[in-house]
Amino acid sequence: DEISKLLNVEYSIDSQYVSNFRIISDHLRASVFLISEGIMPSNEGRGYILRRLIRRAERFAKIMGSKDAVLYKLVPKVFEIFKNTYPEIKLAEKDIISVLKFEEEGFLQTLETGEKFLGDILDKYPKKLPGAEAFRLYETYGFPLELTKEIAFKKDIEVDEKGFEQARLKAQDIAKAGWKSSGEKDASIFQKAEDGLKVTEFIPGETEFSSPVAAFINIKGDKIEKLK
């Protein structure tokens, strides 16, 4: 009902958008729970799964006529449904709404720029989209491969996924070489260490708290028992 009201599209079992409603509601619910666990949208691991969920839901909302970020407006309804079963998600309400809104708005901008560019490329390659071109779209505009495939599929155009992966690995090797010579540290080691720790509990109204050392990690992100 809330999705129907926001998008001004009537829900019906016979509607052409019935699967859109289900995808939006399922992906939003999963996104809310992931963010409540402290997971942020990113291009790696669980963060990448979260980003794909948000972007796919936003994409289907756009197909139904939405021009602005809409998922974050549905968060209070998710809280209402699960408030008795999972009351802890309410504690992260502000974070969940702000993360969703930020990710949605960024993706809508990506869609606007990337779809036009993709349209031009598909006109140039009416039978098969080279993987290098699909990767350039991803690298330049953040346009996800899944969305490229979805749009290309509607035009009966194949996407060279193997070529995309080859281009991705090549770019990754170049980036790694540049990173090693830069002297910067890889922040992913902290995510690796965090995966094994308990979720931080936020207590409303508390202004004082203690911060014990949760773990020591080495340069690879592995836990160590003590400092030498």
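Computed from heavy atoms alone, side chains included, the values below leave out hydrogens, waters and symmetry copies.
Listed here is the closest heavy atom pair of Leu53 and Ser31: CB-OG, 3.6 Å. Nearest heavy-atom pair, Ala132 versus Ala167, reported as atom, atom and distance to 0.1 Å: CA-CB, 4.2 Å. For Val99 against Pro41, the heavy-atom pair with the smallest separation is CG1-CD, 3.6 Å. Ser36 and Ile96 make their closest contact through CB-CD1, 4.0 Å (heavy atoms, listed as atom of the first residue, atom of the second, distance).
The CZ atom of Arg29 sits 13.0 Å away from atom CD1 of Ile24, with the distance rounded to the nearest 0.5 Å. Between Glu133 atom CD and Leu118 atom CG the span is 10.5 Å, to the nearest 0.5 Å. Once rounded to the nearest 0.5 Å, the distance linking CZ of Phe107 with CD1 of Ile54 reads 10.5 Å. Distance NZ/Lys62 to CG/Asp68: 11.0 Å, rounded to 0.5 Å. Separating the CD1 atom in Ile151 from the CD atom in Glu146 is a distance of 12.0 Å, to the nearest 0.5 Å. From Leu71, atom CG reaches atom CD1 of Ile97 across 12.0 Å, with rounding to the nearest 0.5 Å.
Using a 4.0 Å cut-off between charged side-chain N and carboxylate O, Arg168 and Glu161 make no salt bridge. The existence of a salt bridge linking Lys77 and Glu80 is confirmed by a sub-4.0 Å separation between a basic side-chain nitrogen and an acidic carboxylate oxygen. The residues Glu105 and Lys101 are annotated as salt-bridged, a charged nitrogen and a carboxylate oxygen being separated by less than 4.0 angstrom. Ion pair Glu139/Arg136 not flagged as a salt bridge, since none of the NZ, NE, NH1 or NH2 atoms sits closer than 4.0 Å to an Asp/Glu carboxylate oxygen.
The six-membered or imidazole ring of Tyr86 lies near that of Phe33, with a centre-to-centre distance under 6.0 Å. In this structure, the ring of Phe164 has its center less than 6.0 angstrom from the ring center of Phe135.
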Trace of the side chain to side chain contact (heavy atoms under 4.5 Å, CB included) decision for Val78 with Phe82: CA-CA 6 Å; Val78 178; Phe82 293 99; 3.9 Å; yes
Stepwise ring pair (Phe, Tyr, Trp, His ring centres under 6.0 Å) test for Phe60 and Phe21: CA-CA 8 Å; Phe60 277 93; Phe21 278 104; over 10 Å; no
Show the numbers, then the answer: is there a side chain to side chain contact (heavy atoms under 4.5 Å, CB included) between Leu100 and Leu74? CA-CA 10 Å; Leu100 277 173; Leu74 296 166; over 6 Å; no
Side chain to side chain contact (heavy atoms under 4.5 Å, CB included) between Phe79 and Val32: does it pass, once the steps are laid out? CA-CA 9 Å; Phe79 292 152; Val32 166; 4.2 Å; yes
Assess the residue pair Asp160 and Leu129 against the criterion (side chain to side chain contact (heavy atoms under 4.5 Å, CB included)); give the C-alpha distance rounded to whole Å, side-chain angles, the decisive distance to 0.1 Å, and a yes or no. CA-CA 6 Å; Asp160 179 14; Leu129 178 65; over 6 Å; no
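Surrounding OH of Tyr48 are more than 12 heavy atoms belonging to other residues, nucleotides or ligands, all under 6.0 Å away. Other residues, nucleotides and ligands place no more than 12 heavy atoms under 6.0 Å from the CD atom of Gln109.
Distance alone, capped at 3.5 Å, places no donor-acceptor pair between the Glu104 side chain and the Glu58 backbone. With hydrogens and angles disregarded, a donor-acceptor distance shorter than 3.5 Å links the side chain of Ser98 to the backbone of Asp95.
Using a 4.5 Å cut-off on side-chain heavy atoms (C-beta onward), Leu50 and Met40 make no contact. No side-chain heavy atom of Lys127 sits less than 4.5 Å from a side-chain heavy atom of Ile157. Contact annotation: the side chain of Tyr138 never approaches that of Thr148 to less than 4.5 Å [non-hydrogen atoms, C-beta and beyond]. Lys170 has its side chain out of reach of Gln166: every pair of non-hydrogen atoms, C-beta onward, lies at least 4.5 Å apart. Looking at heavy atoms from C-beta onward, Glu37 lies out of side-chain contact with Glu88 at the 4.5 angstrom threshold.
Just one residue in the list Arg55, Arg52, Arg56 forms a salt bridge (Lys or Arg N to Asp or Glu O under 4.0 Å) with Glu103, and that residue is Arg55.
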